[in-house]
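First up is the structure itself, then whatever we jot down about it.
Here is how names work: the chains are called A, B, and so on, in the same order as the sequence lines, proteins then strands, and each is numbered from 1.
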Number of protein chains: 2
Amino acid sequence: MSKPPKRHVTLTDIAAAAGVAPMTVSRVLNGSGYVSAETREKVLAALRKMNYRPNGLARALKRQRTETVGLVLGDIANPFAAELSRGVREVLAARGYNLFICVSEQSAKEDLAAFDSLLDHRVDGLIVATRASKLGNDRLAEIVEAGTPVVAIGRDFRHPQADLVTADHLRGGYEAAQHLISLGHRRIGFIGVSLTSGLWLRRFQGYLEALREHGLPVEEELVAGGGASAEQPGYATEEMGYEGMRQLLALREPPTAVFARNDFAAFGAMNAIKRAGLRIPQDIAIVGYDDVPLASHTSPPLTTVRQPTREQGRLAAELLLRRIESREPVAREERIFACELVVRESTVGK
Amino acid sequence: MSKPPKRHVTLTDIAAAAGVAPMTVSRVLNGSGYVSAETREKVLAALRKMNYRPNGLARALKRQRTETVGLVLGDIANPFAAELSRGVREVLAARGYNLFICVSEQSAKEDLAAFDSLLDHRVDGLIVATRASKLGNDRLAEIVEAGTPVVAIGRDFRHPQADLVTADHLRGGYEAAQHLISLGHRRIGFIGVSLTSGLWLRRFQGYLEALREHGLPVEEELVAGGGASAEQPGYATEEMGYEGMRQLLALREPPTAVFARNDFAAFGAMNAIKRAGLRIPQDIAIVGYDDVPLASHTSPPLTTVRQPTREQGRLAAELLLRRIESREPVAREERIFACELVVRESTVGK
DNA sequence: TTGTACGCGTTATCAT
DNA sequence: ATGATAACGCGTACAA
């Protein structure tokens, strides 16, 4: 009963059992070189009987590649990250590569740890979708220069030998705000940015640009952070949206429309609005960002900005494989996907 | 400019640069054995300059362990999976282990592929949180018997040498239904199970048990699947909930309360109810399952069953490490966490 | 205190 | 068609 932690069965074990050289077993396994039907049968029999699994470590050590790609995510509890990883996986699986995901929980330090851990296992390439940090970007540059293919997704990492895939959030933010302006709104709040963090956010800058362009003043009081959680945005940002909206509602003159940093913040905000006994969109209109599946199923359905998430994942994977499989240096590619405003009833009542 | 795909820097390279034997470098790296301060300095200098990273493959091949654990998830776009992985990560990180996540997209075949891929990289152990399948369980048994520590989470895999962590969904489902019954409901629908799939679902069986116990008839028409998506439940099950609820609303005599398989299905159902111009909970009461963050932020807030998700992840990680780090055989542990009904306004108006 | 020899499990190369 | 040998990069055991 008590199983002493067994050694893995090795190719050499098989060879011994089948009475051939290890090399012959290797040939059978990889279908390379000539093996007589008879020998092959012997080997196959031994393989079946002994339940052999090749040691990827040893194989990779010899072959110098693992056919595995690492994906670093900041936050797994995030529909965006999920959809992204689906896209990545689709492409990799089709090309026979495995995917290992590491999560950094939004910390630059954990980011580094994830890089190292994946590289230690000699993944063939890295897709990085975490938030940029000086620390992380410096390390990434080293990694790239050391010869490991790297593709960034939506992360501010630019390097002549790494590709970048992202979506045009500046324009996305702009269009969201522009939409509200075109509906006649003049006091438009933003939820999800605090004065100490997030001001770099592209979608926020797009919002600012739209206001400016239409001659609307940017009022500080209309920009709501949402407390502590603003530091660590993740899945649970309903909280952030809820708190942010409460701040805005408490103003002497609350906004007539708000643009939330993402759909979850928007959900929280919608809730705060309803709790206050106000109607959406009649009293306050609201726009989110991301178009997560739930967005079309709230009441009212949420107007939001859709980014082609899965496509970003797919493209990143393709760019990475291109680098991995090419012997020569590859020209840098930077691809920016367009975002699309999806108008629903949270801004335009029906 | 054009970088020819460089070879990784090896320990031998460092040794050559520092003018010592590889072994000496190894000693410096691992802090094992004696090295004179002087030699150490030379080596450290070379290390810094050449940007060395140990080859985990080679190291693992030699050491026969990777200090890495694999986690197999069915669906990454799932708050439950996300929270689970957080718990796992917390514990592993604290003990110096890395975590690689593989996603099987709910397919038994991909499940196997994930196992293989992780084992090929010789992870020290496996945590499996995917849906059970004959194929998968058979393979898991082999894996366990071959000596790799395995812990299952919420998956019907029982093996004398593998641990199991789960929550009492039978009781959770029972309490949800019981709650509705105690509020006076007699026609209680279930959303998220179709006659061709999901009948094995514990929370559904709990629902059945509660009905039976209270002498309520189980009516087939009150059990709604939700179409194609029922086959592949994942994050996007608002759809499923929405469709399921529409089926129920179309009945000659619709239910006065529904219990949804999970919170997302519940959100979809709530939406369908509102669209139909009915009120929650006055016209139809609703209970979800999981207590995802959003559940407390819908309108009305959702009554739901909470399971200690992160704790399950943490415990699973601890059990796994126990197995990994123990030389002797370890006694099987099966731990079932209790679930907790969280009553909010979707069942009890205020 | 430092170095040498060998092995981890594969596969590439060359020989037979 | 098959086998012997070396090597991938590191660490253990032992020698110097």
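Going from atom CG of A:Leu11 over to atom P of C:dG7 covers 17 Å, rounded to whole Å. Rounded to whole Å, the distance from CZ on A:Arg65 to P on D:dG9 is 15 Å. To the nearest angstrom, P of C:dT11 lies 13 Å from CG of B:Leu57. Nucleotide C:dT10 holds its C1' atom 11 Å from the CZ atom of B:Arg122, rounded to whole Å. What separates NZ of B:Lys42 from C1' of C:dT1 is a distance of 12 Å, to the nearest Å. The interatomic distance linking B:Asn55 (CG) with C:dC8 (P) rounds to 18 Å, in whole Å. C:dC8 atom P lies 10 Å from atom CG of A:Asp13, rounded to whole Å. Across the protein-nucleic acid pair, A:Ile14 atom CD1 and C:dT10 atom P stand 9 Å apart, rounded to whole Å.
A close approach under 4.0 Å does not occur between any side-chain nitrogen or oxygen of A:Gln64 and OP1 or OP2 of C:dA12. Note on B:Thr24: every side-chain N or O is 4.0 Å or more away from OP1 and OP2 of C:dT1. Taking 4.0 angstrom as the limit, A:Tyr52 places a side-chain polar atom (N or O) nearer than this to OP1 or OP2 of C:dT10. OP1 and OP2 of D:dG9 both lie 4.0 Å or more from every side-chain N or O belonging to B:Thr12. Contact between the side-chain N/O atoms of A:Arg59 and the OP1/OP2 oxygens of C:dG9 is not found at any separation under 4.0 Å. Look at B:Ser26 and you'll find a side-chain N or O under 4.0 angstrom from OP1 or OP2 of D:dG11. A sub-4.0 Å separation between OP1 or OP2 of D:dG11 and a side-chain N or O of B:Asn30 is present. Phosphate contact (OP1/OP2 of C:dT2, side-chain N/O of B:Thr39, threshold under 4.0 Å): present.
A:Ser104 and A:Ser107 share no donor-acceptor pair across their side chains, judged by distance under 3.5 Å alone. Donor-acceptor pairing under 3.5 Å is lacking for the side chains of B:Thr68 and B:His121. For the residue pair B:Arg158/B:Asn137, the side-chain donor-acceptor check at 3.5 Å is not satisfied.
A donor-acceptor contact under 3.5 Å is not formed by the side chain of A:Arg53 with the base of C:dG9.
Residue A:Arg27 is in base contact, counting any heavy-atom pair closer than 4.0 Å across all strands shown. A:Ala21 comes within 4.0 angstrom of the backbone, heavy atoms only, and of no base. Heavy atoms of B:Pro22 sit nowhere under 4.0 angstrom from any nucleic acid atom.
The shortest side-chain heavy-atom distance between B:Leu11 and B:Ser26 falls under the 4.5 Å cut-off.
A salt bridge links A:Arg332 to A:Glu334: at least one charged side-chain nitrogen sits closer than 4.0 Å to a carboxylate oxygen.
Taking every side-chain heavy atom of B:Met23 into account, C:dG3 is the closest of C:dG9, D:dG3, C:dG3. Of the candidate nucleotides D:dG11, C:dT1, C:dA12, C:dA12 has the atom nearest to the side chain of A:Lys62. Minimum atom distance to the side chain of A:Thr10 is reached by C:dG9, of the listed C:dG9, D:dG11, D:dG9. Among the nucleotides C:dG9, D:dA13, D:dT2, the one closest to the side chain of A:Leu61 is C:dG9.
The two atoms that bring A:Arg139 and A:Leu112 nearest to each other are CB-CD2, 3.5 Å, heavy atoms only.
Annotation: of the two residues near DNA chain C, B:Tyr34 and A:Leu29, the 5′-most nearest-nucleotide partner is B:Tyr34.
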